[in-house]
Every structure is written in structure tokens, then in C-alpha cells.
There are 2 protein chains.
Amino acid sequence: MTRRSRAQMIEETRAKLLATARQAFASQGYGQTSMDDFTAAAGLTRGALYHHFGSKEGLLIAVIEQIEAEVGDRLQTASAAEPTPWLGFRCRCRTYLELALEPEIRRIILQDARAIFGDVPQAAQSVGIAALQAALEELIAAGTVQPVHAGAVARMIYGIVTEASFWIAEPDGDPQARLAQALDGLDRLLAGLLHQA
Amino acid sequence: MTRRSRAQMIEETRAKLLATARQAFASQGYGQTSMDDFTAAAGLTRGALYHHFGSKEGLLIAVIEQIEAEVGDRLQTASAAEPTPWLGFRCRCRTYLELALEPEIRRIILQDARAIFGDVPQAAQSVGIAALQAALEELIAAGTVQPVHAGAVARMIYGIVTEASFWIAEPDGDPQARLAQALDGLDRLLAGLLHQA
DNA sequence: TCAATTAACATACGTTTCGTATGTTAACGA
DNA sequence: TCGTTAACATACGAAACGTATGTTAATTGA
């Protein structure tokens with residue numbers, strides 16, 4: 001066990017680079033992070049970085065993909081436990097909002113990534129939005145939700161969540177209270193999608 | 001008339017700098033814009049820039065303030081013509097979306113500014129959001145809209161508009177069709193805010 | 001009216017940072 | 001065993017930003 005294969009060591013340096021970059025991006029932001037500095041913090045040099053990731057943007061893409069994968073898993077886990085499809089959908093939106101509150105996700109995905117790649121991170125094609133869209137399409141087919149364009153509305157919900165997370169995290173105001181108020185507002189907006197009884 | 005006062009000339013260079021920067025930021029993005037290049041394009045040097053705006057960020061803030069002021073005017077003009085407060089509110093949201101489709105606004109306000117100043121441009125305190133919140137508060141007081149937190153929901157609508165604009169402008173897909181689909185989705189979501197009949 | 005100060009810029013410089021080009025070492029294949 | 005390639009480190013060049021330092025012209029005050 002104390003003996004590591006060559007392939008394992010390579011993977012270790014890649015993972016170490018990724019983890020250190022993720023930490024640095026989250027705490028200082030992508031633009032403010034010097035590749036010299038944080039590679040040194042990882043005990044390596046920029047040479048290793050450019051070998052594994054090609055460019056600073058390539059590194060950011062790798063970090064985004066890692067985070068997106070985690071987000072996808074957590075959303076899936078949370079919403080799968082709900083009893084009805086609609087409640088599952090609602091839970092997915094709420095959980096999305098809670099995830100967006102984590103500083104790492106807000107800073108890297110919602111804040112910096114947008115400026116680098118204009119649109120939603122095309123890199124990982126935003127797992128969260130895709131899943132939201134799929135859930136919406138099912139609900140529309142089942143007649144629970146009015147016939148809207150699922151892709152459009154999924155994106156809009158993503159926007160709701162994004163902005164709400166920034167609002168909640170604003171320096172003034174109580175985050176807990178704001179989270180509750182945001183979840184309430186989210187509920188009202190989502191209710192508009194339902195078919196009238 | 002051919003005689004310009006000193007103060008006028010100073011204002012002219014300031015305006016010229018601002019206009020050139022706005023153009024450059026919109027077409028190449030804030031990060032990709034070299035201060036040497038675009039000041040030269042304006043027939044000046046970085047010296048003038050740092051004298052008037054202090055820093056590159058200061059220049060961006062000035063550009064944002066200019067755009068925000070225009071956005072505020074156009075929103076006000078559009079919504080004031082509507083017959084009822086609710087329709088005025090709805091119109092404001094729709095117009096907001098249409099404005100967000102303009103490349104200049106999308107690139108500078110929605111895309112780049114967020115990465116530089118984490119939150120919504122605190123610089124000009126987003127006139128659009130503030131007006132949206134005020135309109136919401138009136139509608140709640142009048143009993144037209146359910147009692148939600150106006151600040152939270154105003155921000156969420158801002159998020160809807162932002163994401164929708166990016167979605168509409170995606171390279172594939174027909175922008176005209178997508179705009180219609182987005183406006184439809186927006187209507188459904190907003191309908192959730194209304195009191196049930 | 002004239003000297004001193006300040007505003008409005010231009011120019012020059014130093015620092016930081018990114019990407020690339022060039023080693024270097026160790027493993028792997030023929 | 002020898003050539004090749006992967007996995008890095010090191011060195012170099014090219015922006016780009018901010019600042020420090022001119023320079024000129026207007027303005028102020030005595």
C-alpha cells in the first residue's frame with residue numbers, strides 16, 4: 001500500500017493541482033489567482049499545469065467540470081427522495097438554491113465562469129439546467145405543468161436561483177431570513193407553472 | 001459656436017474616452033480590452049484615462065452608470081404607457097428582457113460586470129431592479145400580488161431576464177422564436193405572483 | 001500684472017503574469 | 001540497449017496595468 005504506481009503518482013499531481021486551483025479560485029477569484037503562486041503552494045510549477053491542462057482556462061474548465069459533477073449528484077440524491085414528480089421538481093429547485101449559496105459554487109460557477117465563457121459554462125453543459133429541463137418536460141407530458149418551453153423555463157429558473165443566491169449573500173441582511181424569503185418567492189413563481197385546478 | 005470653452009473640451013475628452021471604452025468593452029469584453037489600444041483609438045493616452053477615471057475598474061463603473069441610466073429611462077418610458085399597474089409591471093419585465101438582448105448590455109452589464117464586482121453592479125445600484133421592486137411593492141399593497149418579499153422577487157425576475165437573454169442569444173436556435181418562448185415562460189412565472197381569482 | 005499653483009494630460013518605467021520554448025529525467029518499447 | 005516519449009522544471013519574451021514624473025496652459029491671488 002505504501003508503494004504507489006507511476007500512474008497513481010501522476011493522477012495525484014493532477015488531483016493536487018485541481019484541488020489547489022479550486023481552493024484558490026474560490027477564495028481569490030479566477031482573475032486574481034496567479035498560476036505561479038498557487039502551483040508553488042501545491043509544491044509544483046507552472047510547467048506541470050500547462051502539461052496537464054494546457055492553459056489557465058483549461059484549468060478552470062476542469063475545475064468547473066468537477067464541481068458540476070458534484071452538483072449533479074447532490075441534486076439527484078435530494079430530489080429522488082420526494083414522493084411526487086412535482087415535489088421532486090420543486091425540491092430540485094430549492095436544493096439548487098441552497099447549493100448556490102456555497103461560496104465556492106457562487107464564486108467559480110456563477111460569478112467568474114460567466115465572464116470567461118459568455119454563456120452558461122458550456123464546458124460541462126450545466127448538468128443542473130439539463131436535469132431541470134428534463135424534469136419539466138416530464139411534468140408537462142403528465143399534464144401537471146402548463147405547456148411551456150422547458151428549455152427556456154429551465155434557464156429562467158437557473159437565473160432565479162443564481163440571483164437569489166447573490167441577494168441572500170449580500171453583506172447586510174440576515175442570510176437565514178433571506179433564504180426563507182427567497183424560497184417563498186421561488187414557490188410563488190413556480191406555482192405559476194402549474195395547471196389551475 | 002465654433003468656439004468651445006475649456007470646460008467643454010474637457011468634457012469632450014471625457015465623453016470620448018467613455019464612448020470609446022463602452023464600444024471596446026462591448027465588442028471585445030472588459031478583460032480583453034487593452035487600455036493602451038483603445039485610448040489610442042480615441043486619440044489619447046492612458047494618462048488621460050487615469051486622470052479622469054482613476055483605474056480600469058473606475059472606467060468600467062462609469063460606463064455601467066451611463067448604461068444603467070439609459071436603461072432606467074427606457075424602462076420608465078415603456079411601462080408608463082400601460083393602462084393598469086399590473087400591466088405596467090408586466091411590460092417593465094418584458095422590456096427589461098428585450099433590453100437585455102442588446103449585445104452591449106449583455107456583455108458589459110450581465111456578463112463582465114458580475115465577475116468584476118461580485119454582486120449586481122453596486123456602482124449604480126441597478127436602477128432596473130430598484131424600479132421593479134418599487135412596482136412590486138405597490139402591487140402588493142394594492143392586493144393585486146400576493147405578499148412576497150419584493151426585494152427578493154425583484155432580484156429573481158432580474159435573474160430570469162438575465163438568463164433568458166443568454167439563452168435567446170445562443171448561437172443555435174432562432175432568436176425571434178426563442179424570444180417569444182421566453183416571453184411566454186415569463187408570463188407563466190409572473191402569473192404565479194397574482195392572487196387567485 | 002505677475003508669480004504660484006493646479007488641472008489636464010503625455011511619457012517613461014517597473015512589476016506582474018501569461019504562454020511558449022527549451023531543457024531534463026525516468027520509464028517504456030523494440 | 002537504444003531511441004522515444006511522458007512528466008515535469010526552467011528560462012525567456014511579450015503584453016498590460018499602475019505609478020511616477022514630466023509638461024503645458026489656465027486660473028488664482030496679491
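Just so we're on the same page: letters track the sequence lines, and every chain starts at 1.
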Peer 1: Sub-3.5 Å donor-acceptor pair from the side chain of A:Gln146 to the main-chain atoms of A:Leu194, do we have one?
Peer 2: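 Looks like yes, one N/O pair under 3.5 Å.
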
Peer 1: Give the rounded distance in Å between these two atoms: CD1 of A:Ile116 and P of C:dC18.
Peer 2: 12 Å

Peer 1: Distance from A:Gln133 atom CD to A:Ser126 atom OG, nearest 0.5 Å?
Peer 2: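 Going from CD on A:Gln133 over to OG on A:Ser126, the span is 11.0 Å.
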
Peer 1: Counting only N and O atoms by type, is there a donor-acceptor contact under 3.5 Å from the side chain of B:Arg114 to the main-chain atoms of A:Gln111?
Peer 2: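 Not a single qualifying donor-acceptor pair exists.
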
Peer 1: If the threshold is 4.0 Å, N to carboxylate O, is there a salt bridge linking B:Glu82 and B:Arg94?
Peer 2: no

Peer 1: Please state whether the phosphate of D:dA7, meaning OP1 or OP2, lies under 4.0 angstrom from any side-chain nitrogen or oxygen of A:Thr13.
Peer 2: no

Peer 1: Check A:Arg22 with A:Glu70, please: is the shortest side-chain N to carboxylate O separation under 4.0 Å?
Peer 2: yes

Peer 1: Just the rounded figure in Å: distance from P of C:dG19 to CG of A:Leu59.
Peer 2: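 Taking atom P of C:dG19 as the reference, CG of A:Leu59 is at 10 Å.
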
Peer 1: What is the distance, rounded to the nearest whole Å, between atom CE of A:Met9 and atom P of D:dA6?
Peer 2: 18 Å

Peer 1: Before giving the answer on side chain to side chain contact (heavy atoms under 4.5 Å, CB included), spell out for A:Ile129 and A:Tyr96 the whole-Å C-alpha distance, their side-chain angles and the decisive distance to 0.1 Å.
Peer 2: CA-CA 10 Å; A:Ile129 296 178; A:Tyr96 213 157; 4.3 Å; yes

Peer 1: Give the nucleotide from the list C:dA10, D:dA9, D:dA7 with an atom nearest to the side chain of B:Leu44.
Peer 2: C:dA10

Peer 1: Please give, in whole Å, the distance from C:dA8 C1' to B:Glu11 CD?
Peer 2: 13 Å

Peer 1: Are A:Asp174 and A:Arg178 close enough for a salt bridge, meaning some N to O gap below 4.0 Å?
Peer 2: no

Peer 1: Within the supplied structure, the quantity of interest is the number of heavy atoms (other residues, nucleotides, ligands) at a distance under 6.0 Å from A:Glu98 CD; does it exceed 12?
Peer 2: yes

Peer 1: How long is the line joining CZ of A:Phe53 and P of C:dC18, in whole Å?
Peer 2: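 Going from A:Phe53 (CZ) to C:dC18 (P), I get 15 Å.
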
Peer 1: Between C1' on D:dT19 and CG on B:Leu49, what's the gap in Å once rounded to a whole number?
Peer 2: 14 Å

Peer 1: How bent is the helix from C:dT1-D:dA30 to C:dA30-D:dT1, measuring the angle between the end axes built from five pairs each, rounded to 10°?
Peer 2: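 Comparing the axis at each end, I get an angle of 0°.
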
Peer 1: Output yes when at least one side-chain N/O atom of B:His51 is less than 4.0 Å from OP1 or OP2 of C:dC9, else no.
Peer 2: no

Peer 1: What parts of residues 30-38 of chain B reach DNA chain C, counting only heavy atoms under 4.0 Å away?
Peer 2: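 Contacts with DNA chain C under 4.0 Å: none.
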
Peer 1: Of the listed nucleotides (C:dA8, C:dC18, C:dA10), which one gets closest to any side-chain atom of A:Arg46?
Peer 2: C:dC18

Peer 1: State whether B:His52 places a side-chain N or O below 4.0 Å from either non-bridging phosphate oxygen (OP1 or OP2) of C:dC9.
Peer 2: yes

Peer 1: Quick one: CG on B:Leu49 to OG1 on B:Thr13, what's the gap to the nearest 0.5 Å?
Peer 2: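 Between atom CG of B:Leu49 and atom OG1 of B:Thr13 there are 9.5 Å.
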
Peer 1: Once you round it to whole Å, what is the distance between C1' of D:dA9 and CG of A:Leu17?
Peer 2: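 It is 13 Å, rounded to the nearest whole Å.
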
Peer 1: Over how many whole Å does the gap from A:Lys56 atom NZ to C:dT16 atom C1' extend?
Peer 2: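 In whole Å, C:dT16 C1' lies 11 Å from A:Lys56 NZ.
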
